[in-house]
Amino acid sequence: MSADFLYGIEVIINGLMAGVLYALVALGFVLIFKASGIFNYAQGVMALFAALTLVGVMEGQVPFSHVINAVFGTEIHHFGWEVPALLAIFVTLMVMVLFAWLVQQLVFRHLVGQEPIILFMATIGLAYFLEGVGDLMWGSEIKTLALGLPQGGSLVVEDWTAGLGGDDFYGFFIDKLDMVATLVAIVLVAGLIGFAQYTKQGRAMRAVADDHQAALSVGISLNFIWVLVWSLAGLVALVAGVMWGAKSGVQFSLSLIALKALPVLMLGGFTSIPGAIVGGLIIGVGEKLFEYMIGPMVGGATENWFAYVLALIFLVFRPQGLFGEKIIERV
Amino acid sequence: DLVFPSLSYRTGPFAAGGIAFADGYADYFTLLNERDGGIGGVMASVPECETAYNAEKGVECYEATKAEGALVYQPLATSITYQLIPKVEVDGIPLHTMGYGRTSAKNGEVFRHTFNYPVNYWDGASAGVNHFLDLNDGSLEGRKITLLHFNGAYGKEPIPTLEALAEKHGFELTTIAIDYPGQEQKSQWLQIRRERPDYILFWGWGVMNQVAVQEAANIGYPMENFMGIWWSGSENDVLPAGAAADGYKALAFHEMGSDFPVFDDIQTYVVDAGKAAGAGDQIGSVLYNRGLYAAFLAAEAAADAQEATGEPEITAAMMRDAMESLEITAQDMEDAGIPGFGPVFSVTCQNHGGDGLASVAQWDATAQEWSLISDFFPSDGEVVNALIKADSEAFAAENDITPSCD
Amino acid sequence: MLDEGYVTADGRQIGGVMMDMRGITLRFGGVEAIKNISFDIREGEIRAIIGPNGAGKSSMLNVISGFYNPQEGEVWFHGKRRPPMKPFQVARQGIARTFQNIALFEGMTVLDNVMTGRLTQMKSGMLAQAIWKGKAEREETANREVVEKIIDFLEIQAIRKTPVGRLPYGLKKRVELARALAAEPKLLLLDEPMAGMNVEEKEDMSRFILDVNDEFGTTIALIEHDMGVVMDLSDRVVVMDYGRKIGDGTPDEVRNNQEVIDAYLGVAHD
Amino acid sequence: MLYREAGDFKTSYPEDSQTFPIAFDRWRYWAVLAIAFLVIPFVINDYWASSLMVPFLIYAIAAIGLNILTGYCGQVSLGTGGFMAVGAYACYKLMTAFPDVNIVFHVLLAGGITAAVGAAFGLPSLRIKGFYLAVATLAAQFFLVWLFNKVAWFYNYSASGQINAPERFIFGTAVTGPSAPAWAQYLVCLVFVTFCAVLARNLTRGSLGRSWMAIRDMDIAAEIIGVNPLKAKLTAFAVSSFFIGISGALFFAVYLGAVEAGDSFGITKSFLVLFMVILGGLGSIFGSFAGAAFLVILPVFLKIIGVDVLGWPTEMVAHLQLVIVGALIMFFLIKEPHGLAQLWRLAKEKLRLWPFPY
Amino acid sequence: MLDDTKTETLLEVNNIEVIYNHVILVLKGVSLSVPKGGITALLGGNGAGKTTTLKAISNLLHSERGEVTKGSIMYRGDRVQDLQPSDLVKRGVIQVMEGRHCFEHLTIEENLMTGAYTRTDGAGAVSADLEMVYNYFPRLRERRKSQAGYTSGGEQQMCAIGRAIMSKPETILLDEPSMGLAPQLVEEIFTIVKNLNENEGVSFLLAEQNTNVALRFAHHGYILESGRVVMEGPAAELRENPDVKEFYLGMSEDGRKSFRDVRSYRRRKRWLA
Ligand SMILES: Nc1ncnc2c1ncn2[C@@H]1O[C@H](COP(=O)(O)OP(=O)(O)OP(=O)(O)O)[C@@H](O)[C@H]1O
Ligand SMILES: Nc1ncnc2c1ncn2[C@@H]1O[C@H](COP(=O)(O)OP(=O)(O)OP(=O)(O)O)[C@@H](O)[C@H]1O
Ligand SMILES: CC(C)C[C@H](N)C(=O)O
Ligand SMILES: [Mg+2]
Ligand SMILES: [Mg+2]
């Protein structure tokens, strides 16, 4: 096999892995959208916030210490203890649940029945808010997430495959972190699909998405369902935050991964959990291949827009995305 | 008061770098105030204004602070620099873009109020190539160098220089762009892995830096052949990759570490007095030192201006004149408590950019510190100056400026 | 047309065939909503379509107004076969309609809603409208006069400037009728115009329908479940059931058709 | 009764469909215009112009543009930043290619070019709806920015990829370039804003505006009653982009003077303008102004309070700013989902009934 | 049949006022009561406030920016105004909303199952009730796997009622069930209402335009005009009232009028004009 061909394969494999990471973020969007018709722009910031909280808790940082110091002129920073990773993850989850509950009580409860664009706007407001709170709470400097996740190319795979091509081929490069992420994603998705399809709450969640008023009228508690899905989205955000945070440190830009998830959503369909995965994979492979093959001809850095254009092309043929619910058009 | 506005960014995507720089900039002036009673007896004030590395906010900050009698601006962003260059010409306030901004502003005949001493990006590109030349006994014939860069004004700045140098030294140049913010660089690094360039020059800022270092480690790229510009060589960039980052290089134009007398003074007069600009945890970091260095250069010029005019309360115009005749000597640095911190250099009307001396720093992951591994050495003036001349003259023609020195 | 029409008992002139549906079949995936149905609508008549829920009545209207393209069959309009068309092209041929589940523009006032009905008549270009003074304003005024007449006619003057979102159901239906009338259609399709109304309101609505038919000579196709209304108003009735046509004829014929009684009426209607 | 419309009867339809049917409103409108044109230019200084008034006016144009597309035609777009970039780069190319032509024409032409680009990117809207479309417009956003970054022709091959506005004059006064006086920049923007607002108002009250709103409220029904969706959507995209292009051109030429596509016209810009439109009120021209004013002034105001008055560290103020802006957005949406414009309308309704509660 | 005088009152609405958007006063003091085991009809023209009354009872006004500003609503003697809609469902009050409001993307069967959301009496009981609903509405059985969005208007109406039955309610608030239904179906649905009422003891508050049918099946009726109750009484009495006859039943002194004659006769004067 020619080296070029094998490199193409390598790009595809890595694209798939990248796709899994995109899908992790997209999943959070899907959950909330499915349950409430809310397009939650804050999902990216939630990932950042979750990761920040995790690091903060692990390192025993005093929340809001910056503010306290600035206002009272004190000099406090740390509690002086360190929290083991598992416990810290649990604490962070609790924080995310609390966050879900607050969001519901203070914001979305009052917006029941509003048009989607209004809800969308509210989530952008929420994103601003949460970003500010995250910064105030934990500070805006870069933090390293030391969960001990493996990093770097897998030598096993590389050695194993090095013989496939000629001298110009060095074996497949696969990042160990990506492999972990893939495993986690599979588990998460299986769980979520089971939840949505086979539980009473899952059905209620989809009902709520269709018609808030009618859901209320049959006795579904919007509050409960929404706190539930926001908590789930918080869980997904934490996972995404950990995976991305391990890659690039925990800092502001983590919130921008939301932008990578949007084309994934479009392509997979806003309401489909499997869609998020398949969409992620297609986008991952598509953009990497395009950058690999066409990129050099047009000057590179095509990934940001290519994902969107790819999704757009798919949408022209299937306006509801690959797995999205068919848009019902009747008069 | 002597007003040195600090257009800082402590939020947003580049906060990590902005915080350290702004802390250093502010702390140095605080030190002068606390220890020496200001500059020439006049207190310095450093009003901070948050730009978030955003051009619009930068302009707003500039407009908001310029009426307070600002002496010099240090916006710490190439994009903001471009907004301010025409404005400072009109307002008569000097602009100092230390190691960034518009390279051709080095030509003071055209850019009367803009200064970019002691080095600029084109010097940086050339210095990087010079370093690689050194490693190869003066010849890069047939070698492959890749420029990995931020896809924007800043990252594209070195390309013309590198193209000229590639022609001159016979190496093959490829450029790979990374889009903002650069958290995902998989395809770029797969491409690098495939092409195996001999050297990588890297123009990055923000999260892009650490991801690049991490990815380089992931694909097992030899770190000592991977060199960043001075904005891609701080602790933030290498710490996340841990031991794998050992040996990564970056250019520098001043010393690293906190082994200078000034830091003791900062500890006593600033930090212990509770007057530190930030949390006090950045002191001695690369970017903190850079902020401090920028403040030092500004303070020197201000002192020169006071001396030259005999007026303690100087104006922006006096400041500009002093910057134009700035001379940084070993003694100046010694006096300021930073002996040998940077190269000695001088500024003239024809040359607003200093002598273009740079050095190479390397990261030691076990000691967790950056240190310079070379002296300050010059860039390829022949190539760089020709490019500067062409670019600045084009600008002059476009804007009806007659280059002159008075 | 060979058939020149006739005059009804109460003296209205019914003309030749205006709309002729021939062998229409419409499928949605596996569901066959309309199965090989043919019927015609004559100029000037009031034609009712009745049938149980889900029989395919609304779908039939949708075929007429071009929203669905039937898989089989032909639509003949004014003696010409109509090629597949977009709904807005159909509208421009003079076919207007109301909807079963009110489809008003909720964010607009009643007046604006009715004015949208005249879009097919308004011709001034974008530039003229941007400048406004002159052509566009004149056109607006002229059309506004027509619309005001319709508003008067349907007795909704009082709510002219109210956003339709706030209106009660019955009034919405009336506004929908106004919007359809504003297009001055040759053929008016009404999908359950009297659903959700009380007798008094139905009487009003009936009066409007009769007036439109009488005064403007508008042909009307009407879906309605209130047999009183259907039998009293219509000249001819088509009965559908499960996508098939099970009856077609004058109200009297239909009401005595056993198949219709079994499938739809339940008991013979008086 | 502080505010009344009683006794204000109209005897002709044109009178009834004028912009401000109520005399009191009409007077207020003329008063605002008079102040804007005759008073402010004499008192404005650099700071007020460049940190508040000029950006406010320019954003108002962009908001009007987006409001036409999103508020009137119901097509959510997140491509505003990209379209502003088209306006800016078109204006730059025109300014440098035809230095002798008056800048006013350049700006208008830049709007025209943006309109064409906008219409082209509007094509998918025929099939793609709602949020899918919103996300699709991001394709325009990212692609355009990338294009202006990559293709050196757009920035006249300058080394940095930045574009700089050369100095240009109107009636002998510089309006672009560093020496342009604040009042001149302000006036140019004001004239364009007035022009755009009047244009937008005329377009939205006529048949075109109605066909947009029909598409917005129920596209299928609109099509069945005779609206050509292709034409309605594309004109909305074109008209909207025309305004956005103008605002982009002004943003570059008059306000900033130098821009780089990714930095100034990134995705945040798209969101910012969308905020303005929604906070101000979808489908309301007044709302576009209110939203733009709110989001331009609020951050500056918060900064002044936090840094200058309270003396808090800039970073904390910047973070608090995020928190407060975010919280206010949510608060307003909860209080009145239809924006400041609706709040204003309700206030008027209350005034009318005053002193009775309802 | 129900004896009006002795039974316990389930639902009592006392003089409520409802305001939309803080400015639009819609109900101006409405009082009514629903006895246990009764079918109570709420009649009135368009915009009279029937829907608003029902929504006020089931607490669905909030999401429409409406609120009850005066008066009280009691269920089994407890004030229920401040409860969540879901709490009301748990207490056995469920509303079938005007205009169907099925969950478009859920299948018919899933729609029905959402009705059982608040139930805790086990899957067996739920599926038995599902079977019961299918028996009442065979048409739904045929379409059980279709997404509700693609079913016809009538099918959706059945689905909405079936969904309410699935919650095993004590009281159903039924908003215009006959709207858009074929006459046969209207009879059917009312027969089902009657059966539910008689066999399962479900009480109904029924907002209807179709006065004719409503008064045939109801025990007691209220007539609402412009937000006020203008007449009330046992259904049989209302049916005989000349005004009701004229305006709600479409009868004149000499029997049913033809709709074709509407243009030629004059109306009687109304109570409130
Ligand atoms: N969300 C709302 N905002 C403002 N006004 C409303 C709202 N909902 C209803 N109304 C007004 O309240 C009044 C009563 O409406 P309601 O829907 O209760 O009438 P109804 O008796 O159910 O009529 P119908 O038989 O047409 O359904 C109407 O005038 C209507 O315009
Ligand atoms: N777009 C569609 N996709 C799938 N099935 C459809 C669609 N439109 C209609 N149907 C089906 O076609 C059949 C006929 O529907 P239609 O709406 O025409 O009935 P109808 O006679 O108007 O009934 P009703 O009196 O209840 O309104 C129904 O079974 C419906 O579910
Ligand atoms: C710190 C900075 C000045 C570096 C930056 N990327 C630039 O604009 O050049
Ligand atoms: Mg129908
Ligand atoms: Mg109602």
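Because the structure is predicted, anything quoted here is derived from the model rather than measured. Per chain, numbering begins at 1; letters A, B, ... match sequence-line order.
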*If you measure from CG on C:Leu104 to CG on D:Asp217, what distance do you get to the nearest 0.5 Å?*
9.5 Å

*side-chain contact (heavy atoms from CB on, under 4.5 Å) between C:Phe99 and D:Ile220: does it pass, once the steps are laid out?*
CA-CA 11 Å; C:Phe99 302 86; D:Ile220 300 174; 6.0 Å; no

_Test side chain to side chain contact (heavy atoms under 4.5 Å, CB included) applied to C:Gln129 and D:Thr204, D:Leu208, D:Asn202, D:Leu199, the passing residue_ = D:Leu208

*Among D:Ala200, D:Pro229, D:Ser207, D:Gly206, who wins on heavy-atom pairs under 4.5 Å with chain C?*
D:Ser207

*Euclidean distance, D:Arg210 CZ relative to C:Thr116 OG1, rounded to 0.5 Å*: 8.0 Å

_Per-residue contact mode, C:Ala136 against chain D (heavy atom under 4.5 angstrom)_ = neither

*Nearest heavy atoms of C:Leu119 and D:Ser211, plus distance in Å*: CD1-CB, 3.7 Å

*Could you give the distance from CG (C:Leu127) to CG (D:Leu203), rounded to the nearest 0.5 Å?*
9.0 Å

*What distance do C:Phe67 atom CZ and D:Glu223 atom CD have between them, rounded to the nearest 0.5 Å?*
8.0 Å

*Atom of C:Ala103, atom of D:Ala221 and distance for their closest heavy-atom approach*: CB-CB, 3.6 Å

*How far does CG of C:Asn113 sit from CE of D:Met213, to the nearest 0.5 angstrom?*
9.5 Å

*asked:* Given heavy-atom pairs under 4.5 angstrom as the criterion, report whether the side chain, backbone, both or neither of C:Arg138 touches chain D.
replied: neither

*Do you know which of C:Met122, C:Lys86, C:Arg118, C:Met108 has the most heavy-atom pairs with chain D at a distance under 4.5 angstrom?*
C:Met108

*Count the heavy atoms of every other residue, nucleotide or ligand shown that sit under 6.0 Å from CZ of D:Phe105, and state whether that count exceeds 12.*
no

*Contacting region of C:Thr120 [heavy-atom separation from chain D under 4.5 Å]*: side chain

*Could you have a look at C:Met115, C:Glu139, C:Arg92, C:Glu106 and say which one has the most heavy-atom pairs with chain D under 4.5 angstrom?*
C:Met115

*Could you go step by step and tell me if C:Met126 and D:Lys231 meet the side-chain contact (heavy atoms from CB on, under 4.5 Å) rule?*
CA-CA 11 Å; C:Met126 191 151 89; D:Lys231 194 173 145 212; over 6 Å; no

*asked:* Within this structure, what is the CG-CD distance for the pair D:Asn228 and C:Gln89, rounded to the nearest 0.5 Å?
replied: 7.5 Å

*Which bit of D:Ala222 comes within less than 4.5 Å of chain C, counting heavy atoms only: side chain, backbone, both or neither?*
both

*Do D:Arg205 and C:Glu140 pass the side-chain contact (heavy atoms from CB on, under 4.5 Å) test, and can you show the C-alpha distance, the side-chain angles, and the key distance before you say yes or no?*
CA-CA 9 Å; D:Arg205 68 172 150 173; C:Glu140 174 88 5; over 6 Å; no

_Taking atom CH2 as the centre, does C:Trp76 end up with more than 12 heavy-atom neighbours from other residues, nucleotides or ligands that are less than 6.0 angstrom away?_
yes

